[in-house]
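Each remark here refers to the structure printed beneath this line.
Within every chain, numbering begins at 1; the chains are lettered A, B, ... in the order of the sequence lines, protein sequences first and strands thereafter.
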2 protein chains.
Amino acid sequence: MVQRKYSKKRQAILEMLSATDAHPSAEQIYSELKPLYPDLSLGTVYRNLNLFRENGDVVCVGTFGGQERFDWNTAPHPHFICTRCHRILDLDLSFSATDHYADVEKATGGSVSSESVAFLGLCEQCVRSAGNIADAK
Amino acid sequence: MVQRKYSKKRQAILEMLSATDAHPSAEQIYSELKPLYPDLSLGTVYRNLNLFRENGDVVCVGTFGGQERFDWNTAPHPHFICTRCHRILDLDLSFSATDHYADVEKATGGSVSSESVAFLGLCEQCVRSAGNIADAK
DNA sequence: GTCTGTGCAAATTGTTTGCACGCAA
DNA sequence: TTGCGTGCAAACAATTTGCACAGAC
C-alpha cells in the first residue's frame with residue numbers, strides 16, 4: 001500500500017468511480033468533480049488514478065479517442081466499445097477467456113495475469129444517428 | 001480509396017508491416033526504416049499509417065506504453081501482451097468472440113463490427129528477468 | 001513538527017498539421 | 001502541368017512532474 005493519509009479529493013475520485021459504470025477518463029472525472037471541488041486540479045486526478053491502479057483498486061480498460069478509460073470493477077469482464085462516441089458498456093456474457101490462461105502460457109512461455117475482451121462497433125445512439133457527425137461528440 | 005499515387009516510402013512502410021509480426025508502433029517503424037531512407041520523416045509514417053487504417057489495410061491493436069500498435073493481419077485474432085516490455089504476440093487459439101456478436105447486439109442495441117481479445121501478463125523474457133528493471137526497456 | 005497530498009504551471013511525449021517543395025502521372 | 005506525397009517544424013493534446021504550500025496525523 002502506497003497511500004498513507006486520508007484526502008477528501010482522493011475519496012471523492014474513488015467514490016465517483018465506484019458510483020458510475022461509464023468507465024470515465026481522467027478528464028471526465030475532473031469535469032464532473034470540478035463543480036463540487038472548485039480547487040481540484042487535473043494533476044491530482046491523474047496522480048490518484050495512478051495510485052489506485054498501483055493498489056489494484058481500479059483497472060484500465062484501454063485508450064480510446066486518445067484518453068485512457070478506467071473501471072472500478074476490477075473483475076475481468078467483456079466490454080462493448082463504441083468506435084464513434086467512445087461510450088463503453090459492460091457486458092454480461094456467459095463467456096470467459098480465463099479458461100485459456102494455461103493454453104496461452106504454454107504457447108508463449110510467459111505468465112498470464114489478466115485479460116481484455118471487447119466488442120467494437122456503434123452503440124445504439126450512434127446507430128440511430130449514423131451519418132450525423134454532430135452527435136459524435 | 002483515398003490514396004492515389006505511388007510512393008516509395010509508403011510502399012516501404014507497408015512492406016515492413018507485412019514482413020513483421022511485432023505489431024510495431026509508428027516510432028518503431030520509423031526507427032527501422034530511417035537507416036534505409038535517411039530522409040524519412042516521422043510525420044510521413046503517421047500519415048501513411050492513418051491512410052492504411054482508413055483503407056482497412058492495417059488495424060490498430062491498441063495503445064500500450066503510450067504508443068499505438070499496428071497489425072497488418074486484419075483478421076480478428078487474440079493477442080498476448082506483455083505488461084512489462086509491451087511485446088505483442090499473436091495467439092492461435094481455438095477460441096473466438098465472433099460467435100457472440102448477435103448476443104452483444106441484442107444486449108446493447110448497437111451493432112458490432114469487430115472484436116479485441118487479449119491476454120495480459122509477462123512474456124517469457126520478462127518472466128526470466130523478473131525484478132530486473134533494467135531489462136524492461 | 002513531519003511527511004503526504006495538492007494546485008499550479010512547466011515539461012514531456014505521442015500524434016497531427018501547415019506550408020513549401022519534390023515527384024508521380 | 002496538376003496535384004498528391006513528403007520533410008520540417010510548429011502546433012496539439014494527454015499525461016507527468018517539480019516546487020512551494022496546505023492539511024493529516
Checklist entry - Below 4.0 angstrom from OP1 or OP2 of dA24(C), is there any side-chain N or O of Tyr6(B)? => result no
Item to check | Separation of Ser7(A) OG from Ile13(A) CD1 (nearest 0.5 Å) | outcome: 7.0 Å
Checklist entry - Does Thr20(A) reach the main-chain N or O of Leu17(A) with its side chain, forming a donor-acceptor pair under 3.5 Å? => result no
Checklist entry - Quick one: does Arg10(A)'s side chain get under 4.5 Å of Phe52(A)'s, heavy atoms only? => result yes
Checklist entry - What is the distance, rounded to the nearest whole Å, between atom CG of Asp39(B) and atom P of dC21(C)? => result 17 Å
Next on the checklist: Any donor-acceptor pair, under 3.5 Å, between the side chain of Arg47(B) and the base of dG18(C), if you only look at N and O atoms?
Outcome noted: yes
Checklist outcome for this item: Picking from dG7(D), dG7(C), dT15(D), the nucleotide nearest the side-chain atoms of Leu40(A) would be dG7(C)
Next on the checklist: Does Lys9(A) reach a base, just sugar-phosphate, or nothing at all? Heavy atoms under 4.0 Å.
Outcome noted: sugar-phosphate
Checklist entry - Start at the 5' end of DNA chain C and walk down; is the nucleotide closest to Arg53(B) or to Val45(A) reached first? => result Val45(A)
Checklist entry - If only side-chain N and O atoms of Ser7(A) are considered, is one of them under 4.0 Å from the OP1 or OP2 phosphate oxygen of dA24(D)? => result no
Checklist entry - Between atom OH in Tyr30(B) and atom P in dT13(C), what is the gap in whole Å? => result 16 Å
Next on the checklist: In this structure, how many angstroms lie between the P atom of dG14(C) and the CG atom of Leu42(B), rounded?
Outcome noted: 10 Å
Next on the checklist: Whole angstroms only, please: what is the CG-C1' distance between Asn48(A) and dT15(D)?
Outcome noted: 14 Å
Item to check | Atom pair distance, as rounded to whole Å: NZ in Lys8(A) and C1' in dA22(D) | outcome: 13 Å
Next on the checklist: So, OP1 or OP2 of dG5(D): does either fall under 4.0 Å of a side-chain N or O from Arg10(B)?
Outcome noted: yes
Checklist entry - What's the CG-P distance between Leu51(B) and dT15(C), to the nearest Å? => result 17 Å
Next on the checklist: Could you tell me how far apart Gln67(B) (CD) and dT12(C) (P) are, to the nearest whole angstrom?
Outcome noted: 18 Å
Item to check | Phosphate OP1/OP2 of dT16(D) contacted by Asn50(A) side-chain N/O (<4.0 Å) | outcome: yes
Item to check | Donor-acceptor pair under 3.5 Å, Lys5(B) side chain vs dG3(D) base | outcome: yes
Next on the checklist: Just N and O in the side chain of Thr44(A): are any of them under 4.0 Å from OP1 or OP2 of dG7(C)?
Outcome noted: yes
Checklist entry - Do the side chain of Arg69(A) and the main chain of Arg87(A) share a donor and acceptor less than 3.5 angstrom apart? => result no
Item to check | Phosphate OP1/OP2 of dT16(D) contacted by Tyr46(A) side-chain N/O (<4.0 Å) | outcome: no
Checklist entry - Do Asp71(A) and Asp90(A) touch side chain to side chain, with heavy atoms closer than 4.5 Å? => result yes
Item to check | Spacing between Leu49(A) atom CG and dT16(D) atom P, to the nearest angstrom | outcome: 9 Å
